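Below is one structure, written out as structure tokens; comments come after it.
Start at 1 and go down the list; that is how both ligands and their atoms are numbered. For this chain, numbers begin at 1 and follow the sequence in order. Bear in mind that the values here come from a model prediction, so they are computed numbers and not experimental data.
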Amino acid sequence: MKTYKIALLPGDGIGRDVTEAAKAVLEKAAARNGFSLATTSYPWSCDYYLENGSMMPGNGIEILRSFDAILLGAVGWPRKVPDSVSLHGLLLPIRKAFVQYANIRPHRLLPGVQGPLRSENFDILCIRENTEGEYSGAGGRVHQGTDSEVAVETSIFTLKGVERILRFGFEQARARRGKLASVTKSNAQRYSMVFWDEITQRLSQDYPDVEVTSYHIDAMAARMVMAPESLDVVVASNLFGDILTDLGAAIQGGLGFAASANINPDRSAPSMFEPVHGSAPDIANLGIANPIAAIWSGAMMLQHLGEAAAAGKVMAAIEATTARGIGASPGRDKTEAITASVLSALD
Ligand code: NAD
Ligand code: IPM
Ligand code: MN
């Protein structure tokens, strides 16, 4: 029987609840589809940091490299560890080290879920650049604590980085409804964003079957609310993609439904699957986190591993659950009840 090695990083807060739920569903789906998951869970988190002085061991990346995929809950507990420390000690280095340059985030309404918009027929795939841009980490502070203090944080856009994410976007659009929206702010940022727009134009010649449109990020934010059905694949830089995908989560009914995959398309290192949401300290330990985003992310993991049939069954089980109203309204059902419903829908 085929066995996939999966690293579990539950992390902090509700990350722990939702990874446990996803693990149970994925293990059952595997057993029903003739493969198995060998999972190893690592306690790397803010609690781990308080005990050990780092978010993961020095060889953490090497440990993770031997896995077929990583399933992550959420990282961050700002009351104990500054976010700038915790996220730069665990989540962000993994995305960079494993060249997970494509962060894929689907936004559509699950059956039975009431979104905040009049429009219900949207199906958007956001593709966020995941290794550079505004998150490059190039910068510094000088004269700290004096009135001459300076802070610099520079976005870095490379030809290689922009080209590969745009090509990825074109390929996804080609495999879907043939429409690509490229998002920049080239009216204000005249170097990096004009560079991005030029590469979009150049690559479009290789994809005559894809209808590509460039939008400014501000106009895109409005379009996602006013006319989301006009969009198919949306590709954006790291920070723009981050912000647009919380907006995407909102229009699909909330962060409890927004899934994501950090993909290394070359498969030279493991890819990582995680919900879009964070550790939600406001509802941690209440047992009411919606696990659907994490379970959907798990389905994306099965798809990436080549287990499309099992991935389809997990999606069908999620949809059967929300169609019955379970997990469909934020805060109403317990994590355990939603998970139990997805598990039984797998039968
Ligand atoms: P958040 O996503 O944790 O929470 C935002 C709001 O959405 C909260 O009201 C929360 O209760 C709600 N929410 C989120 N997920 C939910 C779910 N599954 N079910 C029901 N409600 C849900 O964002 P935040 O409050 O800005 O961040 C909290 C911490 O998480 C911070 O430390 C932040 O840096 C971190 N964070 C981590 C990740 C990640 O690890 N991928 C992502 C985002 C934020
Ligand atoms: C996300 C998160 C992270 C990001 C944070 C926690 C650093 O918001 O995955 O969307 O900005 O990438
Ligand atoms: Mn985010």
Measure from [atom] to the protein's non-hydrogen atoms and state whether any distance is below 4.0 Å.
atom	answer
atom 27 (O) of ligand 1	no
atom 3 (O) of ligand 1	yes
atom 21 (N) of ligand 1	yes
atom 12 (C) of ligand 1	no

cation_pi(Arg267, Phe98) dist<6.0 Å, angle<=45: no
Using non-hydrogen atoms of the residue, decide whether [X] is closer than 4.0 angstrom to ligand 1.
X	value
Ser279	yes
Pro330	no
Val276	yes

Hey, is [X] close enough to [Y] for a salt bridge, meaning N to O under 4.0 Å?
X	Y	result
Lys23	Glu20	no
Glu129	Arg167	no
Glu274	Arg95	yes

Please check whether [X] reaches ligand 1 - meaning an N/O of the residue sits under 3.5 Å from an N/O of the ligand, judged on distance alone.
X	value
Ile283	no
Gly73	no
Gly256	no

Return the residue, atom name and 0.1 Å-rounded distance of the protein heavy atom closest to atom 23 (O) of ligand 1. Gly278 N, 4.4 Å
Starting from atom 14 (C) of ligand 1, locate the nearest protein heavy atom and write down its residue, its atom name and how far away it is, to 0.1 Å. His277 CB, 3.6 Å
Classify the contact between [X] and ligand 1 as side chain, backbone, both or neither, using a heavy-atom distance cut-off of under 4.0 Å.
X	answer
Leu91	side chain
Asn290	both
Pro291	neither

Aromatic ring proximity, centroids under 6.0 angstrom, His304 and Phe273: yes
Less than 4.0 Å is my threshold; does some heavy atom of Arg128 fall inside it relative to ligand 2? yes
Tell me, please: is His88 in heavy-atom contact with ligand 2, that is, under 4.0 Å? no
For ligand 2, note which part of Arg105 has a heavy atom under 4.0 Å away: side chain, backbone, both or neither. side chain
Which is closest to atom 6 (C) of ligand 1 in terms of heavy atoms, Leu286, Leu255, Ile292, Asp242? Leu255
Taking distance alone, with no angle check, do Arg95 and ligand 2 share an N/O pair under 3.5 Å? yes
Of all N/O/S atoms in Asp242, which lies nearest to the Mn ion (ligand 3)? OD1
